[in-house]
Amino acid sequence: MEARNKILTFGILFFTAAFLVYSYVVFAAEITIVGEVNDTFQIVANNTIYEVAETPMGDDLVKNYIAEKVQVTGTVQEKDEMKIITVKSFKIVSE
């Protein structure tokens with residue numbers, strides 16, 4: 001009976017730890033920002049610098065629209081005080 005309790009406790013702890021580690025993806029809210037693509041493959045919006053995650057859409061944005069004002073929709077993660085946006089969609093904004 002004691003071994004069963006240990007296994008049950010270990011299982012609960014494992015699933016709790018896994019939930020905490022991976023929950024940032026689940027709770028990442030989709031946002032929309034308007035900013036300018038700079039020549040270092042970032043988006044600057046409201047004095048905030050967003051690194052662009054390496055995805056096909058993100059790569060298209062930062063390689064082909066440098067110095068353009070864009071509206072970007074995606075999810076943002078923070079890592080080491082750096083904001084990283086995963087681009088879901090974008091469009092060019094006329095000034």
Side-chain angles (χ1 to χ4, degrees):
M1 192 69 157
E2 189 173 307
R4 183 175 181 213
N5 287 340
K6 285 182 181 180
I7 291 172
L8 182 61
T9 302
F10 176 74
I12 291 171
L13 288 174
F14 174 78
F15 286 112
T16 301
F19 174 77
L20 292 174
V21 169
Y22 295 107
S23 66
Y24 73 93
V25 175
V26 174
F27 296 119
E30 200 167 273
I31 66 163
T32 300
I33 60 171
V34 176
E36 185 176 311
V37 180
N38 67 19
D39 59 351
T40 56
F41 306 124
Q42 301 166 322
I43 299 171
V44 181
N46 297 327
N47 295 324
T48 302
I49 297 173
Y50 294 88
E51 298 290 332
V52 177
E54 291 184 24
T55 62
M57 189 165 295
D59 291 346
D60 177 34
L61 172 64
V62 296
K63 290 179 182 177
N64 298 317
Y65 299 97
I66 294 173
E68 296 280 348
K69 187 173 182 181
V70 293
Q71 178 179 320
V72 179
T73 301
T75 55
V76 175
Q77 299 174 346
E78 288 196 41
K79 185 176 181 180
D80 300 328
E81 298 182 20
M82 182 181 357
K83 294 183 186 261
I84 304 168
I85 188 163
T86 301
V87 179
K88 302 286 183 189
S89 65
F90 70 90
K91 66 180 180 178
I92 305 303
V93 177
S94 56
E95 308 263 344

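These figures come from a predicted structure and were not determined experimentally.
Summarising the geometry, atom CD1 belonging to Ile7 is positioned 12.5 Å from atom CD1 belonging to Ile12; distances are rounded to the nearest 0.5 Å. Interatomic distance, NZ of Lys91 versus OG1 of Thr32, reported as 9.5 Å (0.5 Å rounding). Separating the CG atom in Leu8 from the CG atom in Leu13 is a distance of 9.5 Å, to the nearest 0.5 Å. Interatomic distance, CG of Asp60 versus OG1 of Thr55, reported as 9.5 Å (0.5 Å rounding).
In the hydrophobic clustering of ILVMFWY residues, with side-chain heavy atoms under 4.5 Å counting as a link, Ile31 and Val87 come out together. Transitive grouping of hydrophobic side chains (ILVMFWY, heavy atoms separated by less than 4.5 Å) brings Ile85 and Ile66 into a common cluster. Grouping the Ile, Leu, Val, Met, Phe, Trp and Tyr side chains by contacts below 4.5 angstrom, directly or via other members, places Leu61 with Ile92.
Taking both residues in full, the closest heavy atoms of Tyr65 and Val37 are given as O-CB, 3.3 Å, listed atom of the first, atom of the second, then distance. Between Thr86 and Ala53, the shortest heavy-atom distance links the atoms OG1-CB, 3.6 Å. For the pair Met57 and Lys88, the tightest heavy-atom approach, listed with the atom from each and the gap, is SD-O, 3.0 Å. Contact between Ala45 and Gly35 at its shortest, heavy atoms only, is CB-CA, 3.9 Å. The two atoms that bring Asp59 and Glu54 nearest to each other are OD1-CA, 3.8 Å, heavy atoms only. For the pair Val62 and Phe41, the tightest heavy-atom approach, listed with the atom from each and the gap, is O-CD2, 3.3 Å.
For the pair Glu36 and Lys69, the salt-bridge criterion is not met [side-chain N within less than 4.0 Å of a carboxylate O].
Residue Asn64 qualifies as enclosed at atom CG: its count of foreign heavy atoms under 6.0 Å is above 12.
Distance alone, capped at 3.5 Å, is enough to place a donor-acceptor pair between the Asn38 side chain and the Thr40 backbone.
Side-chain contact check for Val76 versus Ile33: every heavy-atom pair is 4.5 Å or farther apart.
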